[in-house]
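Inspection log for the structure reproduced underneath, given as structure tokens.
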Amino acid sequence: MKANQQQIKTWMIDYLAKLLMLDRARIDVTDTFESYGLDSAAMVGMTGDLSDWAGIEIDPVIAYDHPTIDALSAQVVALLGGAAAPVGTQLAADAVGAE
């Protein structure tokens, strides 16, 4: 599948909204997965389902390295062979992890 970043963001928003029983509008793409209460099992499940949807193998650790919908979707686009993830993506993820 050749998905763009917006399609991947939409998939993740829908996934989290359903998983957390929240309105889609309450999902902020810049909030960390941890802020939504996702534990390691939930993040592994999400990356597995995303992997199935996108048709590529996605290492579950990616959600820890890219802990927001924004950051993770940019990285998945890069894995799909699209444009590389923005340079600031890893820096932003590192800053969130340092808090």
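Just so we're clear, the structure is a prediction, and the values are computed from it rather than from any experiment.
With rounding to the nearest 0.5 Å, the separation of NZ in K9 from CD1 in I69 is 9.0 Å. With values rounded to the nearest 0.5 angstrom, Q7 atom CD is found 11.5 Å from S73 atom OG. Taking CE from M46 and CG from L38, the interatomic distance works out to 6.0 Å, rounded to the nearest 0.5 Å. The distance from atom CD1 of I27 to atom OH of Y15, rounded to the nearest 0.5 Å, is 12.5 Å. To the nearest 0.5 Å, atom CE of residue M12 and atom OG1 of residue T47 are 11.0 Å apart. Of the inter-residue distances, the one linking T32 atom OG1 with Y64 atom OH reads 12.0 Å to the nearest 0.5 angstrom.
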Side chain to side chain contact (heavy atoms under 4.5 Å, CB included), that's the test. Do L80 and I8 meet it? Break it down for me. CA-CA 11 Å; L80 287 168; I8 296 165; 4.0 Å; yes
Legend entry - Stepwise side chain to side chain donor-acceptor pair (under 3.5 Å) test for D28 and T30: CA-CA 5 Å; D28 184 333; T30 62; 2.7 Å; yes
message = Could you walk me through whether L72 and Q5 satisfy the side chain to side chain contact (heavy atoms under 4.5 Å, CB included) test, starting with their C-alpha distance in whole Å, then the side-chain angles of each, then the deciding distance to 0.1 Å, before giving a yes or no?
response = CA-CA 9 Å; L72 182 55; Q5 189 170 357; over 6 Å; no
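In the hydrophobic cluster analysis, where Ile, Leu, Val, Met, Phe, Trp and Tyr join through side-chain heavy atoms closer than 4.5 angstrom, I13 is grouped together with L20. In the hydrophobic cluster analysis, where Ile, Leu, Val, Met, Phe, Trp and Tyr join through side-chain heavy atoms closer than 4.5 angstrom, L19 is grouped together with V29. Both L22 and W11 belong to a single network of hydrophobic side chains, linked directly or stepwise wherever heavy atoms of I, L, V, M, F, W or Y lie under 4.5 Å apart. Cluster membership check: M43 shares its hydrophobic cluster with I56, using side-chain heavy-atom separations under 4.5 Å among Ile, Leu, Val, Met, Phe, Trp and Tyr. V61 and L79 fall into different hydrophobic clusters, defined by Ile, Leu, Val, Met, Phe, Trp and Tyr side-chain heavy atoms under 4.5 Å apart, directly or through other members.
Residues V76 and L50 form a side-chain contact, since some pair of their non-hydrogen atoms from C-beta on lies under 4.5 Å apart. Residues R26 and L16 fail the side-chain proximity criterion, which asks for heavy atoms closer than 4.5 Å.
Not one N or O on the side chain of S35 forms a donor-acceptor pair closer than 3.5 Å with the backbone of D31. Judged by distance alone, the side chain of S51 and the main-chain N or O of I58 form a donor-acceptor pair under 3.5 Å. Judged by distance alone, the side chain of Q75 and the main-chain N or O of D70 form no donor-acceptor pair under 3.5 Å. Within the 3.5 Å criterion, the main-chain N or O of I62 finds no donor-acceptor partner in the side chain of D59.
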